[in-house]
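Since the structure comes first, as structure tokens, the remarks are kept for the end.
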Amino acid sequence: QVQLMESGGGLVQAGGSLRLSCAASGIIFSINAMGWYRQAPGKQRELVATITTSSSTNYADSVKGRFTISRDNAKNTVYLQMSSLKPEDTAVYYCNANAKPYWEAATYNYWGQGTQVTVSS
């Protein structure tokens with residue numbers, strides 16, 4: 001079983017920065033892509049950013065230029081550096097990994113339990 005452990009959430013003033021981390025551990029697997037999603041109260045869960053094993057990235061329009069996703073393949077860890085934070089960034093942020101156990105062909109989506117990010121104005 002793949003376990004995703006998120007950290008780095010907290011309370012920050014508008015314009016500030018936070019760095020989220022997500023480390024994958026557990027079973028032997030290969031990760032195809034990792035990403036961050038977020039869900040605010042009363043809102044749908046939305047994609048924030050994704051990154052492939054070759055470090056190709058994709059960002060939601062709302063965070064382009066402010067957030068940076070990166071990964072350390074050796075540590076199976078993905079990061080989300082958030083700067084110029086706005087109150088509308090307030091949400092629970094979830095780490096996601098698309099991974100394939102070495103013993104089977106299918107891939108699975110794994111989710112972390114989420115970390116709260118609150119941005120005050």
Side-chain angles (χ1 to χ4, degrees):
Q1 180 75 285
V2 174
Q3 303 285 337
L4 301 179
M5 296 178 288
E6 299 141 322
S7 62
L11 175 65
V12 65
Q13 192 174 1
S17 300
L18 284 174
R19 189 194 192 202
L20 306 183
S21 299
C22 175
S25 62
I27 61 173
I28 299 175
F29 58 88
S30 62
I31 297 177
N32 299 316
M34 300 185 76
W36 290 94
Y37 292 72
R38 68 186 182 186
Q39 187 166 25
K43 300 289 186 178
Q44 298 180 14
R45 182 177 297 185
E46 64 176 348
L47 185 148
V48 177
T50 60
I51 186 167
T52 68
T53 55
S54 61
S55 296
S56 296
T57 58
N58 182 53
Y59 296 92
D61 289 339
S62 60
V63 305
K64 285 182 178 177
R66 299 189 298 119
F67 291 9
T68 301
I69 189 170
S70 61
R71 68 187 294 171
D72 185 336
N73 291 329
K75 297 181 178 180
N76 287 325
T77 301
V78 64
Y79 306 93
L80 186 68
Q81 179 66 50
M82 305 183 292
S83 61
S84 301
L85 283 163
K86 305 174 181 179
E88 49 262 46
D89 294 318
T90 296
V92 177
Y93 284 70
Y94 296 92
C95 179
N96 170 264
N98 182 259
K100 184 186 77 67
Y102 287 126
W103 58 87
E104 60 183 294
T107 60
Y108 302 88
N109 283 307
Y110 299 89
W111 294 90
Q113 59 185 323
T115 184
Q116 177 71 47
V117 172
T118 302
V119 184
S120 62
S121 58

Find out if a path of hydrophobic residues (ILVMFWY) with successive side-chain heavy-atom gaps under 4.5 Å connects [X] to [Y].
{"X": "Leu4", "Y": "Tyr108", "answer": "yes"}
{"X": "Tyr37", "Y": "Val92", "answer": "yes"}
{"X": "Leu47", "Y": "Tyr110", "answer": "no"}
{"X": "Trp36", "Y": "Leu85", "answer": "yes"}
{"X": "Tyr94", "Y": "Val78", "answer": "no"}

Considering all heavy atoms, the nearest [X]-[Y] contact:
{"X": "Ala40", "Y": "Ala91", "value": "N-CB, 3.8 Å"}
{"X": "Ala14", "Y": "Ser121", "value": "CB-CA, 4.2 Å"}
{"X": "Lys100", "Y": "Ala105", "value": "CD-O, 3.4 Å"}
{"X": "Ala99", "Y": "Pro101", "value": "O-CD, 3.9 Å"}
{"X": "Ser84", "Y": "Ser17", "value": "N-OG, 4.4 Å"}

Hey, what do you get for [atom1] ([X]) to [atom2] ([Y]), rounding to the nearest 0.5 Å?
{"X": "Thr50", "Y": "Asn32", "atom1": "OG1", "atom2": "CG", "value": "12.5 Å"}
{"X": "Asn98", "Y": "Thr52", "atom1": "CG", "atom2": "OG1", "value": "11.5 Å"}
{"X": "Leu11", "Y": "Thr118", "atom1": "CG", "atom2": "OG1", "value": "6.0 Å"}
{"X": "Asn73", "Y": "Ser55", "atom1": "CG", "atom2": "OG", "value": "6.5 Å"}
{"X": "Ser25", "Y": "Lys75", "atom1": "OG", "atom2": "NZ", "value": "14.0 Å"}
{"X": "Met5", "Y": "Thr77", "atom1": "CE", "atom2": "OG1", "value": "8.0 Å"}

Can you tell if the side chain of [X] reaches within under 4.5 Å of the side chain of [Y], non-hydrogen atoms only?
{"X": "Asn76", "Y": "Ile31", "result": "yes"}
{"X": "Arg38", "Y": "Val63", "result": "yes"}
{"X": "Thr68", "Y": "Tyr79", "result": "no"}
{"X": "Arg71", "Y": "Thr53", "result": "yes"}

*Parallel, tilted or perpendicular for Phe67 and Tyr93, by the 30°/60° rule?*
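Phe67 vs Tyr93 ring planes: tilted.
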*Take atom CD in Gln113; do more than 12 heavy atoms of anything else shown fall under 6.0 Å from it?*
no
*asked:* For Glu104, I'd like to know if atom CD has over 12 heavy atoms of other residues, nucleotides or ligands within 6.0 Å.
replied: yes
*Pairing of Asp61 and Lys64 as salt bridge, 4.0 angstrom limit*: yes
*Can you tell me if Glu6 uses its side chain to pair, donor with acceptor, with the backbone of Leu20 under 3.5 Å?*
no
*Is the side chain of Tyr59 donor-acceptor paired with the backbone N or O of Arg66 at a distance under 3.5 Å, no angle test?*
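Checked: no pair found.
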